[in-house]
Chemist: 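Just dropping this structure here.
Heavy atoms only: backbone and side chains are in, while hydrogens, waters and symmetry mates are out. Note on naming: letters A, B, ... go to the chains in the order of the sequence lines (proteins, then strands), and numbering restarts at 1 for each one.
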Protein chains: 2
Amino acid sequence: MQKTRTTNQRLKILEHLRNIRTHPNAEAVFKSVRKDLPVISLATVYRNLNMLASQGTILKLEINGEYKFDANTCGHQHAVCTNCGKIIDIFEPAITTYALKKLTLNGFKSGCVDIIFKGRCDKC
Amino acid sequence: MQKTRTTNQRLKILEHLRNIRTHPNAEAVFKSVRKDLPVISLATVYRNLNMLASQGTILKLEINGEYKFDANTCGHQHAVCTNCGKIIDIFEPAITTYALKKLTLNGFKSGCVDIIFKGRCDKC
DNA sequence: TACCTATTGATAACAATTATCATTAACGGT
DNA sequence: ACCGTTAATGATAATTGTTATCAATAGGTA
């Protein structure tokens with residue numbers, strides 16, 4: 001197996017995600033991190049977001065036709081406005097717990113559920 | 001408002017989705033429907049799938065970086081293998097019911113939840 | 001300090017989806 | 001049954017998000 005190296009780019013990307021409460025896509029992370037690290041490349045942002053997601057450090061959500069990233073990996077949920085696209089965090093851990101408990105599919109091992117409510121936000 | 005017309009293309013697309021138990025993307029629907037309707041265009045498939053989804057006739061899921069379509073709109077769930085990408089239907093309506101009941105977000109109105117388990121299927 | 005190679009930056013390639021536009025056909029009115 | 005209106009279509013260009021490529025750079029260990 002290959003050994004991972006700690007790079008400044010990866011640290012800055014993770015640090016940024018942990019400082020915000022939104023759910024940016026790769027492009028948005030790129031624009032934000034570039035303020036601190038002007039030379040960072042968009043490809044590096046994509047690579048690191050995918051790496052962090054595959055090792056479970058961050059969440060990779062599929063919303064509105066693109067990948068959104070979230071450093072909060074504790075079982076919470078999301079609500080998406082089908083009109084304006086706004087993403088809202090919902091903290092009802094019991095939903096996630098209940099879903100995982102009910103999952104008794106033969107052979108399928110899972111410790112992770114994406115729960116996304118679709119509807120209208122208060123402004124729409 | 002505009003009045004929708006019943007076209008053969010839309011009927012065939014819906015009929016096809018209701019005859020299968022998989023979760024095809026637009027391209028796959030296109031290839032299947034074209035066997036019956038050789039002149040149909042990929043753009044027409046995209047347009048109709050989006051129309052059917054927006055009116056709630058079918059589900060539009062975001063899995064593995066693309067849109068998948070499902071004619072079964074009754075509260076069931078999906079499991080996705082993070083290794084091979086396989087999508088499996090899970091029928092635990094209680095999960096959906098419980099999630100919607102617990103959703104008490106201020107101002108957010110929703111009657112629809114996408115619940116997607118991530119894990120390893122029996123073969124992986 | 002020197003080596004190995006994981007990681008990077010820059011950019012090309014790719015894939016899924018949407019936009020465009022002239023043509024076609026659904027359907028209500030005559 | 002024939003119009004006339006315009007929603008919908010087919011063909012394709014354009015767009016967008018993401019991944020692949022590859023030479024150059026820089027972690028980490030000896």
Chemist: Given atom CZ of A/Phe69 and atom C1' of D/dG17, what is their separation to the nearest angstrom?
Modeler: 11 Å

Chemist: Among the candidates D/dG10, C/dA26, D/dT19, find the nucleotide nearest to the side-chain atoms of A/Lys60.
Modeler: D/dT19

Chemist: Which nucleotide wins on minimum distance to the side chain of A/Ala43, given the candidates D/dT9, C/dT17, C/dT11?
Modeler: C/dT11

Chemist: Of the nucleotides D/dA8, C/dT5, D/dT21, which has the atom closest to the A/Arg47 side chain?
Modeler: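 Minimum distance to the A/Arg47 side chain belongs to D/dT21.
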
Chemist: Any chance you could lay out the side chain to side chain donor-acceptor pair (under 3.5 Å) test for B/Asp36 and B/His16, step after step, and finish with the verdict?
Modeler: CA-CA 10 Å; B/Asp36 260 306; B/His16 171 67; over 6 Å; no

Chemist: Of the nucleotides D/dG17, C/dA16, C/dT8, which one has an atom closest to the side chain of A/Tyr46?
Modeler: D/dG17

Chemist: Check whether any side-chain N or O of A/Asn48 sits under 4.0 Å from OP1 or OP2 of C/dT8, and answer yes or no.
Modeler: yes

Chemist: Measure from the side chain of A/Leu42, starting at C-beta and using heavy atoms only, and say which of D/dT18, D/dA8, C/dT17 lies closest.
Modeler: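 Nearest to the side-chain atoms of A/Leu42, counting from C-beta on, is D/dT18.
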
Chemist: Without decimals, in angstroms, what is the distance between A/Phe30 CZ and D/dG17 P?
Modeler: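 Interatomic distance, CZ of A/Phe30 to P of D/dG17: 14 Å.
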
Chemist: Which residue, A/Met51 or B/Gly65, contacts DNA chain C at a nucleotide closer to its 5' end, judged by nearest heavy atom?
Modeler: A/Met51

Chemist: Ignoring the backbone of B/Glu66, work out which of D/dT18, D/dA20, C/dT17 is nearest its side chain.
Modeler: C/dT17

Chemist: Among D/dG28, D/dA7, C/dT17, find the nucleotide with the atom closest to the side chain of B/Arg5.
Modeler: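 Comparing D/dG28, D/dA7, C/dT17 against the side chain of B/Arg5, the answer is D/dA7.
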
Chemist: Toward the 5' end of DNA chain C, which comes first, A/Val39 or B/Asn25, by nearest nucleotide?
Modeler: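 Per heavy-atom nearest nucleotide, the more 5' residue is A/Val39.
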
Chemist: Please check the phosphate of D/dA26 (OP1 and OP2 only) for any side-chain N or O of A/Gln9 closer than 4.0 Å.
Modeler: no

Chemist: Do B/Leu49 and B/Ile63 share a hydrophobic cluster, counting only Ile, Leu, Val, Met, Phe, Trp and Tyr and linking them when any side-chain heavy atoms are less than 4.5 Å apart?
Modeler: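 No.
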
Chemist: Between B/Thr6 and C/dC27, is there a side-chain N or O to OP1/OP2 distance below 4.0 Å?
Modeler: yes

Chemist: Is the shortest side-chain N/O distance from A/Asn50 to OP1 or OP2 of D/dT18 below 4.0 Å?
Modeler: no

Chemist: Looking only at the side chain of A/Ser41 (C-beta and beyond, no hydrogens), which of the listed nucleotides D/dG10, C/dA16, C/dG9 gets closest?
Modeler: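 Nearest to the side-chain atoms of A/Ser41, counting from C-beta on, is C/dG9.
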
Chemist: Measure the spacing between CG of A/Asp70 and NZ of A/Lys60 and express it to the nearest 0.5 Å.
Modeler: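 The distance works out to 14.0 Å.
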
Chemist: In this structure, how many angstroms lie between the C1' atom of C/dA10 and the CZ atom of A/Arg34, rounded?
Modeler: 13 Å

Chemist: Please state whether the phosphate of C/dG28, meaning OP1 or OP2, lies under 4.0 angstrom from any side-chain nitrogen or oxygen of B/Lys3.
Modeler: yes

Chemist: Check the orientation of B/His23 and B/His78. Use parallel for under 30°, tilted for 30 to 60°, and perpendicular for over 60°.
Modeler: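 Plane angle over 60°, so perpendicular.
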
Chemist: Identify whether the distance between the nearest side-chain nitrogen and carboxylate oxygen of B/Asp114 and A/Lys118 falls below 4.0 Å.
Modeler: yes

Chemist: Counting heavy atoms from C-beta on, name the nucleotide in C/dA19, C/dA25, C/dT7 closest to the side chain of A/Thr7.
Modeler: C/dT7

Chemist: Without decimals, in angstroms, what is the distance between B/Glu62 CD and C/dA15 P?
Modeler: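 It works out to 20 Å between those atoms.
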
